[in-house]
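Note sheet for the following structure.
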Number of protein chains: 2
Amino acid sequence: MQSKILSRRDLDFLLFEWLDVESLTTRKRFEDHSRETFSAALDTAEQVATDLFAPHNKKSDNNEPHFDGTTVTIIPEVKTALDAFAAAGLLAAGQDYEFDGMQLPSVMEKATVAWFTAANVATSAYIFLTVANANTLLKCATPRQVEQYVRPMFAGQFFGTMCLSEPQAGSSLSDITTRAEPDPVDGADGERQYRLTGNKMWISAGEHDLAGNIVHLVLAKIPGPDGRPIAGVKGISLFIVPKFVLDENGAPGEHNDVVLAGLNHKMGNRGTTNCLLNFGEGKYKPHGKAGAIGYLVGNVHQGLANMFHMMNEARIGVGLGAAVLGVTGYLHALDYARNRPQGRHPAEKDPVKPQVAIIGHTDVRRMLLAQKAYAEGALALVLYCARLVDEQRSAESDEARRHAGQLLDFLTPIAKSWPSQWCVEANSLAIQVHGGYGYTREYNVEQFYRDNRLNAIHEGTHGIHGLDLLGRKVSIQDGALFRAVSAEIGKTISNAREHGASAELQAYADELDAIWQRVATVTAALYAAGDMNKTLANASVYLEAVGHAVVAWIWLEQAMLAERQLTSAADTDQDFYRGKLQACRYFFKWELPKVGPQLALLASIDTTTLDMQDAWF
Amino acid sequence: MQSKILSRRDLDFLLFEWLDVESLTTRKRFEDHSRETFSAALDTAEQVATDLFAPHNKKSDNNEPHFDGTTVTIIPEVKTALDAFAAAGLLAAGQDYEFDGMQLPSVMEKATVAWFTAANVATSAYIFLTVANANTLLKCATPRQVEQYVRPMFAGQFFGTMCLSEPQAGSSLSDITTRAEPDPVDGADGERQYRLTGNKMWISAGEHDLAGNIVHLVLAKIPGPDGRPIAGVKGISLFIVPKFVLDENGAPGEHNDVVLAGLNHKMGNRGTTNCLLNFGEGKYKPHGKAGAIGYLVGNVHQGLANMFHMMNEARIGVGLGAAVLGVTGYLHALDYARNRPQGRHPAEKDPVKPQVAIIGHTDVRRMLLAQKAYAEGALALVLYCARLVDEQRSAESDEARRHAGQLLDFLTPIAKSWPSQWCVEANSLAIQVHGGYGYTREYNVEQFYRDNRLNAIHEGTHGIHGLDLLGRKVSIQDGALFRAVSAEIGKTISNAREHGASAELQAYADELDAIWQRVATVTAALYAAGDMNKTLANASVYLEAVGHAVVAWIWLEQAMLAERQLTSAADTDQDFYRGKLQACRYFFKWELPKVGPQLALLASIDTTTLDMQDAWF
């Protein structure tokens with residue numbers, strides 16, 4: 001039976017036919033791997049996700065974590081699933097053998113994780129945060145900290161969090177006020193320690209009993225010589241604050257002075273605890289004294305730079321989550337449309353004829369095709385980015401690594417935002433295909449829609465990624481990132497023209513060429529405005545327009561490959577490739593033209609929103 | 001304090017300055033009314049909605065009606081609110097004095113109801129259904145039925161429902177199978193009666209103890225001479241099936257054979273019971289026999305035609321509900337944006353400067369302005385339609401009444417669908433303005449988003465209204481409806497050109513003119529395709545494109561008036577009119593251009609979705 005979580009056929013197409021993941025096995029780090037080991041990882045992921053993650057997705061939504069003022073209760077299926085995930089070695093899937101890892105390439109790790117996120121985004125969040133936390137520490141922690149915290153996280157004994165936001169400082173990290181004061185006394189184990197006080201907001205996985213310890217990674221400010229924190233982001237340092245302070249044997253000991261002040265109750269993602277945490281309020285007195293014990297990670301005042309390792313990884317992760325929620329919603333809607341009889345064709349006047357399955361209605365096919373175009377386009381984009389991570393880390397030449405890094409930097413805000421916007425739309429269409437049933441919690445699609453709506457908010461809102469793309473990514477390195485992406489898009493266009501693509505795909509290549517040239521012109525015009533307020537006023541539209549152009553490129557890539565494969569495809573595979581071609585056609589005929597008015601608006605340096613006055617609302 | 005439910009200033013603008021509702025008081029039916037009585041009705045509505053409806057909106061969402069297998073429990077605030085509504089005489093606001101009504105014009109009735117829907121859509125649904133039910137009966141029931149059922153409904157003693165859909169027949173009413181067989185025995189009161197058997201699905205307000213009786217209006221088929229129901233919609237008749245059969249005194253007596261089989265658990269609108277009802281399963285034996293007792297309403301086989309009175313009214317009502325949820329979400333976001341400090345302007349480099357209220361960020365103003373454009377545009381469109389109802393009913397000349405009817409018929413699918421699409425988008429932007437807070441149930445906006453998502457589904461899905469508009473409304477009466485709307489839009493354009501509108505508004509009029517001419521050309525081209533499958537394949541896009549053009553027209557109307565009023569406006573009112581002008585500017589610069597690619601797609605008679613094969617998905 002076709003899984004309704006993800007399409008393995010599509011994953012195989014993207015990974016093996018398009019991104020040529022198998023070629024990575026020629027590299028030293030991946031030399032033990034093969035198509036077979038990659039496939040085995042996907043098989044395991046599908047199996048565990050199907051057996052242990054998907055079945056409690058709805059139950060977890062209906063029974064969100066409950067805080068009675070003392071402890072948090074989570075349905076037991078969550079721990080069972082996470083233990084199985086850890087036992088399968090998947091927490092360390094991308095890590096060195098030294099950590100009992102599998103040394104999977106990043107793109108394979110993401111494809112593996114995709115099954116779990118699609119099956120149960122709330123339970124998967126505990127994994128996602130633990131891996132991101134551990135990867136951050138690997139970049140900047142001491143070997144001793146790696147032993148103490150990273151190793152138990154990859155083994156599934158400890159879980160991790162990211163503590164950035166505060167109630168008065170959500171997107172604006174420069175305004176955080178959590179303080180970290182050097183403790184005159186060293187820790188029991190002789191480690192230099194700090195005492196933290198402050199409140200952190202929106203901490204996912206911030207409290208639970210799913211693992212033996214919780215490793216909080218906390219941004220805080222060390223007061224300057226005058227006893228006051230240094231203003232702005234420059235004063236921020238990064239700390240490990242474990243829920244239980246480790247004893248001399250490295251085992252969780254005394255409860256640290258970190259207290260759950262309350263849970264946020266969310267529209268979706270209900271199975272993930274999302275917490276307000278108080279550090280250092282004095283409820284617990286570790287080592288006999290109030291104040292949360294923390295350990296500096298990396299250098300003083302480098303907290304934000306160190307955290308950005310995690311944030312870029314997390315952004316691709318958010319894009320992946322959004323994409324696969326789009327895919328699973330699409331597969332649910334497809335299954336429903338094939339099995340639900342309702343109505344007749346416009347030409348059929350005989351009411352005695354049996355009703356047709358609703359997939360027979362053109363408008364239902366429109367909604368399914370749009371979902372396919374959004375969701376498979378988004379997934380392809382995110383896996384392409386994950387593939388770039390592998391290039392950035394392990395390509396042979398410096399030039400190749402640098403080029404991959406430039407592409408990745410440019411594409412990250414798009415890979416985070418585009419799926420978050422359009423796969424929510426896909427989920428809305430999945431509801432619409434189901435009609436009234438889709439609006440009820442008796443079916444699954446309304447949950448995907450609620451769960452997915454978070455993705456345009458966390459890890460940087462849509463607006464912030466617009467500013468990142470237009471205000472930073474297009475201009476840094478004297479425009480080298482933009483040129484790198486333009487070169488890649490140019491390659492695809494040349495390939496279409498010079499290597500026998502059909503007239504139709506050549507026409508799409510021409511359209512993409514024209515649009516991308518307009519993007520370049522508009523970008524120059526925005527910077528020529530000479531006033532950053534005007535340049536950046538419509539950055540969100542810029543993000544959306546460039547995002548659509550980029551996904552059109554990704555679809556053209558997929559279609560060109562599908563066209564080639566079709567000539568030699570087995571009968572049973574012909575339909576798959578024709579579906580790819582039709583989705584590409586849909587994207588170029590229905591979606592890409594939306595970019596035209598957006599670019600025209602941007603080119604006009606429109607100031608409608610800039611000019612709007614508070615009093616006029 | 002400015003209400004966050006609706007803007008009274010905007011309502012006054014739309015009703016009194018734009019739609020000239022006061023002029024209706026010269027008509028016989030409304031001769032007792034004046035600006036003062038209209039204002040008093042709005043005052044009462046605002047007060048009751050604020051005091052009794054808004055306060056339990058979240059509680060009702062958190063504590064949805066519970067069915068223990070026997071009875072349904074609803075939080076007590078719902079009944080208190082509905083009783084107060086009825087006590088204020090608002091159930092009969094639009095009705096004749098004979099029913100203790102106020103004889104308010106339709107447009108004033110809708111503006112009054114708007115407060116309740118915006119404050120609490122779930123509790124208001126009980127009102128909405130009761131009034132729609134009663135209005136249907138007024139059109140086709142016998143005087144006796146009016147006395148027995150309509151009068152108690154307007155008095156708030158009975159509530160009503162609409163029982164159309166069945167599990168196997170949602171949008172396809174021709175496939176309903178509920179049977180109504182003539183009962184050999186007359187009712188206790190001598191009334192001819194039928195016995196109904198069948199299952200009805202999606203029955204809002206289908207079971208509760210909020211009123212002394214529930215009057216179900218049920219579509220069912222009377223078997224033909226061969227004992228089999230007549231196929232298709234032609235065999236459908238309409239019946240009253242009361243929850244409690246009336247005794248000889250007209251009081252609710254024996255429990256009818258109507259049983260709640262289960263509640264649907266919805267994503268939003270949770271406070272409204274939504275039921276699967278079994279008719280005639282034999283649990284109750286009214287008058288000693290199984291089978292739900294029902295009374296024919298209107299003529300045999302005219303059920304659907306009679307129900308369409310209700311459906312057209314309900315469609316405007318759905319559009320109104322969607323619009324005002326958009327408005328209330330906008331007002332909540334506006335209030336939050338004015339009071340939430342976060343971040344600094346792009347040019348501000350000093351991190352010690354205090355954070356600014358987020359309304360100071362251009363992208364936040366973009367999101368607020370978009371909400372204003374969507375929500376106030378939608379509300380204006382719906383009130384315009386309600387005003388047409390008054391013209392249709394009470395204009396002096398036959399010609400004026402006919403013209404109003406044609407406009408209304410054409411605009412109904414748009415007034416239902418456009419707000420349902422774009423005010424959900426507005427609610428999404430309201431969440432986005434709130435950031436992470438907006439995604440939590442501690443705030444209100446996520447509920448608006450969930451509640452509003454229903455509106456593109458019930459009372460005809462988006463796809464069905466696309467078919468209604470392109471497949472029926474543009475072609476019936478030899479295109480007279482389209483010509484009627486074109487004439488009205490033409491009048492606005494002429495007014496802009498000939499009566500001193502600013503150069504800016506004249507330019508918008510030119511744009512609207514060009515777009516509407518393209519709409520006409522595209523409509524002709526679609527019909528010239530010569531194959532209804534091709535003509536109708538992209539009907540949903542047609543609905544969206546025409547909807548945007550119509551709302552652009554409505555915005556131009558508002559802006560032209562605002563420009564005129566501005567010349568003589570008090571200082572305190574200048575901001576209001578400037579806001580209207582800026583929202584119009586936003587719509588013409590940001591929204592109307594979206595129609596270009598849609599019309600191009602339609603003109604190309606695109607068959608991408610028509611050609612898509614099931615096997616290719």
Is any side-chain N of the basic residue among Asp606(A) and Arg585(B) closer than 4.0 Å to the acidic one's carboxylate O? no
Quick one: does any side-chain atom of Gln613(B) pair with a main-chain N or O of Asp575(A) as donor and acceptor, under 3.5 Å? no
Can you check whether Asp614(B)'s main-chain N or O pairs, donor with acceptor, with Arg338(A)'s side chain at less than 3.5 Å? yes
Begin with the C-alpha distance, continue with both residues' side-chain angles, and end with the deciding distance and a verdict on side-chain contact (heavy atoms from CB on, under 4.5 Å) for Tyr449(A) and Tyr449(B). CA-CA 11 Å; Tyr449(A) 179 67; Tyr449(B) 179 67; 3.0 Å; yes
Rounded distance (nearest 0.5 Å) linking atom OG1 of Thr362(B) with atom CG of Leu536(A): 8.5 Å
For the candidates Asn269(B), Leu454(B), Val424(B), Leu368(B), which exhibits the highest count of non-hydrogen atom pairs separated by less than 4.5 Å from chain A? Leu454(B)
Contact leader toward chain B among Ala539(A), Gly463(A), Ala456(A), where contacts are heavy-atom pairs under 4.5 Å: Ala456(A)
So, the side chain of Arg365(A) versus the backbone of Leu610(B): is there a donor-acceptor pair under 3.5 Å, distance only? yes
Answer with side chain, backbone, both or neither: which region of Met532(B) has an atom nearer than 4.5 Å to a non-hydrogen atom of chain A? neither
For Arg228(B), I'd like to know if atom CZ has over 12 heavy atoms of other residues, nucleotides or ligands within 6.0 Å. no
Quick check against the 3.5 Å criterion: does Gln355(A) have a side-chain atom that pairs as donor or acceptor with the backbone of Ser172(B)? no
To the nearest 0.5 angstrom, please state how far the OG1 atom of Thr609(B) sits from the CD atom of Gln582(A). 8.5 Å
Sequence-distant partners of Ser428(A), side-chain hydrogen bond (donor to acceptor under 3.5 Å, both in side chains), two or more places apart: Arg453(B)
Mind checking the NE2-CE spacing from His462(B) to Met367(A)? Nearest 0.5 Å is all I need. 9.0 Å
Go through the side-chain N and O atoms of Thr440(B) and Asn264(A) and say whether any donor and acceptor fall under 3.5 Å apart. no
